[in-house]
Protein chains: 2
Amino acid sequence: MSTATMTIGQVAKRCGLGVEAIRFYEREGLIPDPPRRTSGYREYSQETVARIHFIRRAKELGFSLKEIRELLTLRVDPETTCSDIKVRAQDKLRDIDAKMRSLRQIKRALQRLTAKCEDTIGPTGECPILEALGTSTPLQSASTARR
Amino acid sequence: MSTATMTIGQVAKRCGLGVEAIRFYEREGLIPDPPRRTSGYREYSQETVARIHFIRRAKELGFSLKEIRELLTLRVDPETTCSDIKVRAQDKLRDIDAKMRSLRQIKRALQRLTAKCEDTIGPTGECPILEALGTSTPLQSASTARR
DNA sequence: ATGAACTCTGTACCAGAGTACGGGGTCAAA
DNA sequence: TTTGACCCCGTACTCTGGTACAGAGTTCAT
């Protein structure tokens, strides 16, 4: 692939977003103001495309734009020391582990559901999704806690 | 623990939600209208509490209420056959696997970041989060695809 | 050299998912 | 038996994350 720049529409298609969403992220400071052609058209570098891709993925995982901004600026501020960063990154890691656990739980429930479907015909009985999700782990980390 | 019922406030605290959110889920049909005391107070069974818990978790994972409703009603409609359910559940499983992959990627990036912090002092250089997230996997499943 | 397809700015609007009242009953512990 | 915390309902408001124009300029494939 080329290392060339892309127009906003190309980036949008590539990243599975609308053009306006990308401009929106720019306004919100999630991506840098890109350089412009003389016509005013935005030109996106591969790096920025990667950043946008990242944003979409993280969004799908339930991170808010605010959280995503935090993830993306973990290194940017030259004020913050390395150990600051480390603490924050470890916070995020805990969040992510909690999400993984939840996903694994839901996944197991769904698998049990499909397994049940193997050997019964017609509507299923009790819901194995709920069965698999009693009260269980509190799940409240440093960067999730509020109120 | 008791198998007794709980008031809405207790449920809210237990599940880490606001009282209004729970009433909102009721209006939206994500949870059944609970039985009431003569005073009108709602009484929640353990089963419903589990359901509410599930909703909160799934939300944290980036599922919309609409998707959560789909997850929760995978078995409910006596019209749908078992193989229907199976297909839908497998769709969801694919979504979940995609999410897990993305999470793992972000996690690896964060780990690399903290590792980098071990051996450098002061602000870090290039962002390992972005490094770890080039263009990579498309991630677009049956129940995610739109437009 | 022209027209379809794209991009620009700006403003307005939208849906999803709650939050926040206000005005009133209810519960339970002191 | 009262008082502080809790619950009821309804309506209105908020915040997030975009979408949808409108009117105008650009690109480039034919």
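Chain naming here is simple, since letters A, B, ... match the order of the sequence lines and numbering starts at 1 in each. Please read these numbers as outputs of a predicted model, since none were measured by experiment.
If you take CD of B:Gln10 and P of C:dC27, they are 13 Å apart, rounded to a whole angstrom. Going from atom CD of B:Glu26 over to atom C1' of D:dG10 covers 14 Å, rounded to whole Å. Rounded to a whole Å, the NZ atom of B:Lys59 is 8 Å from the C1' atom of C:dA17. Summarising the geometry, the separation between CD1 on B:Ile8 and C1' on C:dT19 is reported as 14 Å, rounded to the nearest angstrom. With rounding to whole Å, A:Phe63 atom CZ is found 18 Å from D:dT16 atom P. If you measure from atom CG of A:Leu30 to atom C1' of D:dT16, you get 12 Å, rounded to the nearest angstrom. For B:Arg36 and D:dC7, the CZ to C1' distance is 10 Å, given to the nearest whole Å. Atom OH of A:Tyr44 and atom C1' of C:dT7 are 11 Å apart (whole Å).
Taking side-chain N and O atoms only, B:Lys66 has no distance below 4.0 Å to OP1 or OP2 of C:dA17. The phosphate of D:dC7 (OP1 or OP2) has no side-chain N or O of B:Arg42 nearer than 4.0 angstrom. Put simply, B:Arg56 has no side-chain N or O that comes within less than 4.0 Å of OP1 or OP2 on C:dG18. OP1 or OP2 of D:dC6 has not a single side-chain nitrogen or oxygen of B:Thr7 nearer than 4.0 Å. Contact annotation: B:Tyr25 does not reach the phosphate of C:dA17 (side-chain N/O to OP1 or OP2, under 4.0 Å).
Looking only at side-chain heavy atoms (C-beta outward), A:Glu47 and A:Arg51 stay at 4.5 Å or farther from each other. Side-chain atoms of A:Ile55 and A:Leu72, non-hydrogen and from C-beta on, do get closer than 4.5 Å to each other.
Direction change of the helix axis from one end of the helix from C:dA1-D:dT30 to C:dA30-D:dT1 to the other is 30°, with five pairs defining each end axis (rounded to 10°).
By the salt bridge (charged side-chain N to carboxylate O under 4.0 Å, His left out) test, A:Glu43 is found to be paired with A:Arg37, residues two or more places apart in sequence or in another chain being considered. For A:Lys107, the salt bridge (charged side-chain N to carboxylate O under 4.0 Å, His left out) partners two or more places apart in sequence, or in a different chain, are B:Asp97.
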Would you please test A:Ile106 and B:Phe54 for side-chain contact (heavy atoms from CB on, under 4.5 Å) and show each step?
CA-CA 9 Å; A:Ile106 294 179; B:Phe54 173 82; 4.0 Å; yes
Tabulate below the donor-acceptor pairs under 3.5 Å that side-chain atoms of residues 15-34 of chain B make, not counting sequence neighbours, or state none.
residue: B:Glu26; atom: OE1; partner: B:Arg42; partner atom: NE; Å: 2.8

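The side chain of B:Val19 has D:dC7 as its nearest neighbour among D:dC7, C:dA17, C:dC8. Distance from the side chain of B:Ser64 is smallest to C:dA17 among C:dC8, C:dA17, C:dG18.
Judged by the 6.0 Å distance and 45° axis criteria, B:Lys92 is not positioned over the aromatic ring of B:Phe63.
Ion pairing between a basic and an acidic side chain is recognised when a charged N comes within 4.0 Å of a carboxylate O; A:Asp91 and A:Arg94 show such pairing. Salt bridge present: A:Glu60 and A:Arg56 bring a charged side-chain N and a carboxylate O closer than 4.0 Å.
Nearest heavy-atom pair, A:Tyr44 versus A:Thr7, reported as atom, atom and distance to 0.1 Å: CD1-C, 4.1 Å.
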Take nucleotides 20-26 of chain D nucleotide by nucleotide from the 5' end and write B, S or -, depending on whether a protein heavy atom sits under 4.0 Å from the base, only from the sugar-phosphate, or from neither.
-----BB
